[in-house]
**Student:** 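Dropping the structure in here first, questions after.
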Amino acid sequence: MELTTKNIVKERLKNGEKIAAAWAQAASNITSEILGQAGFDVVMIDLEHAPHNTMTMITQIQSLKGEKAVPFVRAPWNDFVQIKQILDAGIYGVSVPYVNTKQEAEMAVRAVKYPTKGIRGVAGSPRAAKYGNNIREYLDTANDEIFLMVAIETPEAVDNLDDILEVEELDGIFIGPMDLATSMGHFCNPQHEEVQAAIKTIEDKVFASGKALATVAGDWENAKRKYDKGYNMLILMSDTTTLSQVACDRIKKFSELYR
């Protein structure tokens, strides 16, 4: 989608609508274009766990022109310099990983917002402002249009969730189930009863707050349960792991018959 100032996904999330998202983890403008053409609402470019850089991110944003998909990014860290570069590239949604306290959530807000609400550097030359051709329209609306969520991935974050949810400019919460499970001592086992209890605590508090709730869904049955429960945005697939699963399945079927 060629974005100007209006973030359609943020508006839909504020209205409580369901959003379908996909990871873009291959650092490829081809795979992000495929995801956009498929009709996803959000293509989440993953700068935390994938081999991206600023230029591959920009080519992926460009690949979504003409599609309804809005480019979001999972930032590599809660770092105001990195977040500034992400937003200047024309991203309209940011997920910040590993946020454990209200102070850290406020840091993420400050990184995303222009003064006086934040510390984001002001420039009219980047891609977000159409290289100087859309300066005031972008600068005047960016604080309102950019969607910000933070990831809850540790017991500390769960304990501090009430305080985190008090941050007014925070739009949503992302549950990172694998990191949460591992940080709770249940290595890569989000199905452990203690982890599930923590996830339920997060769900209950976020639903009551009116902020959006997002996470990953391994398959459609799991996704439907989460949507029906009240989740607003789910990552339904990845351009790497989903391809890997399909490829392995095809070879397994081939080998069963012909090897």
**Student:** For the CZ atom of Phe174 and the CD atom of Glu153, what is their distance to the nearest 0.5 Å?
**Tutor:** 8.0 Å
**Student:** For the pair Tyr138 and Glu145, evaluate side chain to side chain donor-acceptor pair (under 3.5 Å) and give the outcome as yes or no after the intermediate values.
**Tutor:** CA-CA 9 Å; Tyr138 180 79; Glu145 296 300 327; over 6 Å; no
**Student:** What pairs meet the ring pair (Phe, Tyr, Trp, His ring centres under 6.0 Å) rule with one or both residues in residues 6-52, with sequence neighbours excluded?
**Tutor:** none
**Student:** If you look at every heavy atom in Val43 and Gly36, which pair is closest and at what distance?
**Tutor:** CG2-N, 4.3 Å
**Student:** Roughly how far, to the nearest 0.5 Å, is CG of Asn133 from OG of Ser125?
**Tutor:** 11.5 Å
**Student:** Check Asn134 against Glu137 and note the closest heavy-atom contact, atom names and distance.
**Tutor:** OD1-OE1, 2.7 Å
**Student:** Do Thr31 side-chain atoms and Ala27 backbone N/O form a donor-acceptor pair below 3.5 Å?
**Tutor:** no
**Student:** Report the hydrophobic cluster partners of Tyr258, with the cluster defined as I, L, V, M, F, W, Y residues connected by side-chain heavy atoms closer than 4.5 angstrom, directly or transitively.
**Tutor:** Phe254, Leu257
**Student:** Checking Asp159 now: which residues fulfil salt bridge (charged side-chain N to carboxylate O under 4.0 Å, His left out) with it, not counting sequence neighbours?
**Tutor:** none
**Student:** When rounded to the nearest 0.5 angstrom, what distance separates CD in Gln60 from CD1 in Ile30?
**Tutor:** 10.5 Å
**Student:** Shortest non-hydrogen contact from Leu180 to Pro155?
**Tutor:** CD1-N, 4.2 Å
**Student:** Which heavy-atom pair separates Pro71 from Gly90 by the least distance, and what is that distance?
**Tutor:** CG-O, 4.4 Å
**Student:** Is any side-chain heavy atom of Val216 less than 4.5 Å from a side-chain heavy atom of Pro177?
**Tutor:** yes
**Student:** Test of understanding: with side chain to side chain contact (heavy atoms under 4.5 Å, CB included), list the residues that count as partners of Leu139, not counting sequence neighbours.
**Tutor:** Tyr114, Val122, Ile135
**Student:** Just to verify, what does Ala212 make a side chain to side chain contact (heavy atoms under 4.5 Å, CB included) with, not counting sequence neighbours?
**Tutor:** Leu13, Phe147, Asn232
**Student:** Can you tell me how far the CE atom of Met184 sits from the CD atom of Glu194, to the nearest 0.5 Å?
**Tutor:** 5.5 Å
**Student:** State, to 0.1 Å, how close Thr241 and Ser238 come at their nearest heavy-atom pair, and which atoms those are.
**Tutor:** OG1-CB, 3.2 Å
**Student:** So, applying side chain to side chain contact (heavy atoms under 4.5 Å, CB included) with Ile146, which one of Asn7, Leu87, Ile91, Ile83 is it?
**Tutor:** Leu87
**Student:** Just grab all the salt bridge (charged side-chain N to carboxylate O under 4.0 Å, His left out) pairs involving residues 208-217, residues at least two apart or on different chains.
**Tutor:** none
**Student:** Under the salt bridge (Lys or Arg N to Asp or Glu O under 4.0 Å) criterion, do Lys18 and Asp41 qualify, and how do the steps go?
**Tutor:** CA-CA 9 Å; Lys18 307 298 186 189; Asp41 300 306; over 6 Å; no
**Student:** Side chains of Val96 and Val112: closer than 4.5 Å at any heavy-atom pair?
**Tutor:** no
**Student:** Might you work through the side chain to side chain contact (heavy atoms under 4.5 Å, CB included) test for Val99 and Asn78, ending with a clear yes or no?
**Tutor:** CA-CA 8 Å; Val99 168; Asn78 193 3; 4.1 Å; yes
**Student:** For the side chain of Thr56 and the backbone of Asn53, is there at least one donor-acceptor N/O pair under 3.5 Å apart?
**Tutor:** yes
**Student:** Measure the shortest side-chain to side-chain distance between Val150 and Val167 over non-hydrogen atoms and say whether it is less than 4.5 angstrom.
**Tutor:** no
**Student:** Output the distance between atom CG (Asp46) and atom CZ (Phe72), rounded to the nearest 0.5 Å.
**Tutor:** 14.5 Å
**Student:** Could you walk me through whether Arg12 and Asn15 pass the side chain to side chain contact (heavy atoms under 4.5 Å, CB included) test, one step at a time?
**Tutor:** CA-CA 5 Å; Arg12 291 178 60 194; Asn15 291 335; 5.6 Å; no
**Student:** Side chain to side chain contact (heavy atoms under 4.5 Å, CB included), that's the test. Do Asp162 and Lys205 meet it? Break it down for me.
**Tutor:** CA-CA 7 Å; Asp162 288 329; Lys205 291 185 176 183; 3.2 Å; yes
**Student:** Measuring from atom OG1 of Thr242 to atom CD of Gln25, what distance do you get when rounded to the nearest 0.5 angstrom?
**Tutor:** 8.5 Å
**Student:** Among pairs that include at least one residue of residues 174-184, which meet side chain to side chain donor-acceptor pair (under 3.5 Å), considering only residues two or more places apart or in two chains?
**Tutor:** none
**Student:** Do Arg127 and Gln62 have side chains that approach each other closer than 4.5 Å (heavy atoms only, starting at C-beta)?
**Tutor:** yes
**Student:** In the single-linkage hydrophobic clustering (I, L, V, M, F, W, Y; side-chain heavy atoms under 4.5 Å), do Ile19 and Val206 co-cluster?
**Tutor:** yes
**Student:** Considering residues at least two apart in sequence or located in another chain, which fulfil the ring-ring contact (aromatic ring centres under 6.0 Å, His included) criterion with His186?
**Tutor:** His192
**Student:** Would you name the heavy atoms of Tyr227 and Tyr231 that are closest together and state the gap between them?
**Tutor:** CD2-O, 3.6 Å
**Student:** Check whether more than 12 heavy atoms from other residues, nucleotides or ligands sit under 6.0 Å from atom CD of Glu256, and answer yes or no.
**Tutor:** yes
**Student:** Membership question, hydrophobic clusters at under 4.5 Å side-chain separation (ILVMFWY): are Ile34 and Met44 in the same one?
**Tutor:** no
**Student:** Connecting only ILVMFWY residues whose side-chain heavy atoms lie within less than 4.5 Å of each other, what is the rest of Val81's hydrophobic cluster?
**Tutor:** Phe80, Ile119
**Student:** Could you check if a side-chain atom of Met233 sits within less than 4.5 angstrom of a side-chain atom of Met149, using non-hydrogen atoms only?
**Tutor:** yes
**Student:** Tell me who clusters with Val246, hydrophobic residues only, linked when side chains sit under 4.5 Å apart either directly or through other members.
**Tutor:** none
**Student:** Hey, quick one: are Phe207 and Ile202 part of the same hydrophobic cluster, counting side-chain heavy atoms closer than 4.5 Å, chains of contacts allowed?
**Tutor:** yes
**Student:** Only one of Lys226, Arg225, Lys224 passes salt bridge (Lys or Arg N to Asp or Glu O under 4.0 Å) with Asp228; say which it is.
**Tutor:** Lys224
**Student:** In terms of hydrophobic clustering (I, L, V, M, F, W, Y; side-chain heavy atoms under 4.5 Å; direct or indirect links), are Ile45 and Leu236 co-clustered?
**Tutor:** yes
**Student:** Are the side chains of Val70 and Lys10 in contact, using a 4.5 Å heavy-atom criterion?
**Tutor:** no
**Student:** Filter on side chain to side chain donor-acceptor pair (under 3.5 Å), then keep only pairs touching residues 95-105, sequence neighbours left out; what's left?
**Tutor:** Asn100-Thr154, Lys102-Glu166
**Student:** Among the clusters formed by ILVMFWY side chains lying less than 4.5 Å apart, do Leu165 and Leu213 turn up in the same one?
**Tutor:** yes
**Student:** Within the 4.5 Å heavy-atom criterion, are Thr215 and Leu234 side-chain neighbours or not?
**Tutor:** yes
**Student:** Going by side chain to side chain contact (heavy atoms under 4.5 Å, CB included), name the residues that satisfy it together with Glu193, two or more places apart in sequence or in a different chain.
**Tutor:** none
**Student:** Would you call Asp88-Arg120 a salt bridge at under 4.0 Å N-O?
**Tutor:** yes
**Student:** Ile152 versus Leu161: any side-chain heavy-atom pair under 4.5 Å?
**Tutor:** yes
